[in-house]
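Keep in mind that what you see is a predicted model, and the values were worked out from it rather than measured. The first residue of the sequence shown is numbered 1, and numbering continues consecutively from there.
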Amino acid sequence: MLARLARLVPGLLLYGIADAFMIKAAVGVDSWTVFAQGIALRTGLSIGILTNLIGLAVLLLWIPLRQRPGLGTVLNILLVGPGIDLGLWLLPTPGPLWLRVVFFTTGLLLLAVASGIYIGARLGPGPRDGLMTGIHARFGTPIWIARTSVELTVLAAGWLLGGNVGLGTVAFALLIGPLCGVTLPFFDPVTRREARAARAGRTAHSAAESGGAGAAAIQTS
């Protein structure tokens with residue numbers, strides 16, 4: 001447990017700092033950050049505090065969905081927001097477009113690494129991830145439909161409130177999945193073992209098919 005906590009806490013803080021890089025870039029952010037930005041513009045609260053509050057509100061939605069939070073879920077709500085505010089305080093605001101693109105790219109890569117670290121700790125999903133899986137489990141809705149519906153809803157709400165939607169938003173949506181597909185197996189030994197087992201199964205299946213085809217060819221000849 002202590003070893004996993006030692007991974008989880010830095011991973012969550014790094015996740016927040018990665019978000020701060022993308023916010024500073026001002027070329028578009030992910031849908032939940034757009035939502036937090038929009039509310040921040042209307043309330044004057046910091047994006048970090050609002051990220052915490054939104055996470056708590058999402059966690060309350062777990063109750064009718066009969067989801068149970070883990071320690072990682074609670075720490076996600078508590079630590080990502082301060083990580084964002086810390087990053088926004090430490091990082092300069094980039095001027096030229098090329099530097100803003102560098103900031104965004106850095107943030108995207110760091111966020112993929114942070115996701116691999118904290119998800120790999122296996123101490124419970126983040127509140128937003130748990131919302132998707134909860135909708136799937138409670139209503140039988142395919143996860144991709146549940147996730148897309150929620151993401152589009154918060155994105156539209158954030159945009160209407162004045163959040164920063166741009167090319168970075170599209171880039172995030174297209175790239176974060178494949179990037180996490182690389183970082184999660186790298187940081188999570190369980191996922192690595194599952195991936196190796198799947199590859200071994202596919203190899204064995206292919207070998208069996210090839211052997212069967214060869215035997216059939218011999219019999220035919």
Side-chain angles (χ1 to χ4, degrees), residues 4-5 7-20 22 29-37 47-48 50-84 107-158 169 171-192 194-195:
R4 287 190 288 167
L5 274 175
R7 296 176 56 192
L8 178 69
V9 171
L12 291 172
L13 290 172
L14 181 61
Y15 192 102
I17 292 171
D19 252 341
M22 291 188 288
V29 289
D30 67 279
S31 56
W32 286 99
T33 306
V34 171
F35 187 47
Q37 282 183 321
I47 295 176
L50 285 167
T51 297
N52 286 3
L53 294 176
I54 291 169
L56 180 59
V58 171
L59 185 61
L60 294 176
L61 294 176
W62 284 30
I63 297 173
L65 297 175
R66 300 173 185 171
Q67 291 284 93
R68 291 184 178 180
L71 178 59
T73 310
V74 176
L75 289 178
N76 185 297
I77 294 171
L78 294 175
L79 296 178
V80 172
I84 292 175
L108 183 62
L109 294 175
L110 284 177
L111 192 139
V113 170
S115 297
I117 293 171
Y118 95 79
I119 294 173
R122 294 181 176 261
L123 287 172
R128 297 156 189 82
D129 294 328
L131 177 63
M132 317 305 167
T133 56
I135 292 173
H136 167 69
R138 188 76 173 84
F139 303 109
T141 307
I143 285 181
W144 74 268
I145 292 179
R147 186 174 191 98
T148 301
S149 300
V150 173
E151 295 279 339
L152 288 177
T153 299
V154 297
L155 177 63
T169 309
F172 184 93
L174 293 176
L175 297 176
I176 191 59
L179 287 171
C180 287
V182 174
T183 60
L184 184 54
F186 184 82
F187 288 103
D188 182 12
V190 175
T191 302
R192 283 202 300 274
E194 290 173 349

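Side chains of L61 and P127 form no contact here, defined as non-hydrogen atoms less than 4.5 Å apart.
The distance from the CG atom of L78 to the CG atom of L56 is 9.0 Å, given to the nearest 0.5 Å. The line from OG1 of T169 to CG of L174 is 11.0 Å long, rounded to the nearest 0.5 Å. Between T51 atom OG1 and L79 atom CG the span is 12.5 Å, to the nearest 0.5 Å.
Considering all non-hydrogen atoms of both residues, I47 and A36 come closest at CG2-CB, 4.0 Å.
The side chain to side chain contact (heavy atoms under 4.5 Å, CB included) check on T153 picks up nothing, with sequence neighbours excluded. Taking S31 as the reference, E151, V154, L155 meet the side chain to side chain contact (heavy atoms under 4.5 Å, CB included) condition, with sequence neighbours excluded. When the side chain to side chain contact (heavy atoms under 4.5 Å, CB included) test is applied to D30, the partners found at least two apart in sequence or on another chain are D19, W32, T33, F172.
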Can I get a per-line list of side-chain donor-acceptor pairs under 3.5 Å for residues 107-120, giving both atom names and the distance, sequence neighbours left out?
unit_1, atom_1, unit_2, atom_2, d
S115, OG, L111, O, 2.8

Side chains of residues 64-75: which donor-acceptor partners sit under 3.5 Å, not counting sequence neighbours?
unit_1, atom_1, unit_2, atom_2, d
Q67, NE2, G130, O, 3.2
Q67, NE2, T133, OG1, 3.2
T73, OG1, G70, N, 3.1
T73, OG1, P125, O, 2.6

Distance-only donor-acceptor hits, side chain of residues 10-18, under 3.5 Å, sequence neighbours excluded:
none

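Residue pairs meeting the salt bridge (Lys or Arg N to Asp or Glu O under 4.0 Å) criterion with at least one partner in residues 126-136, sequence neighbours excluded, are D129-R147.
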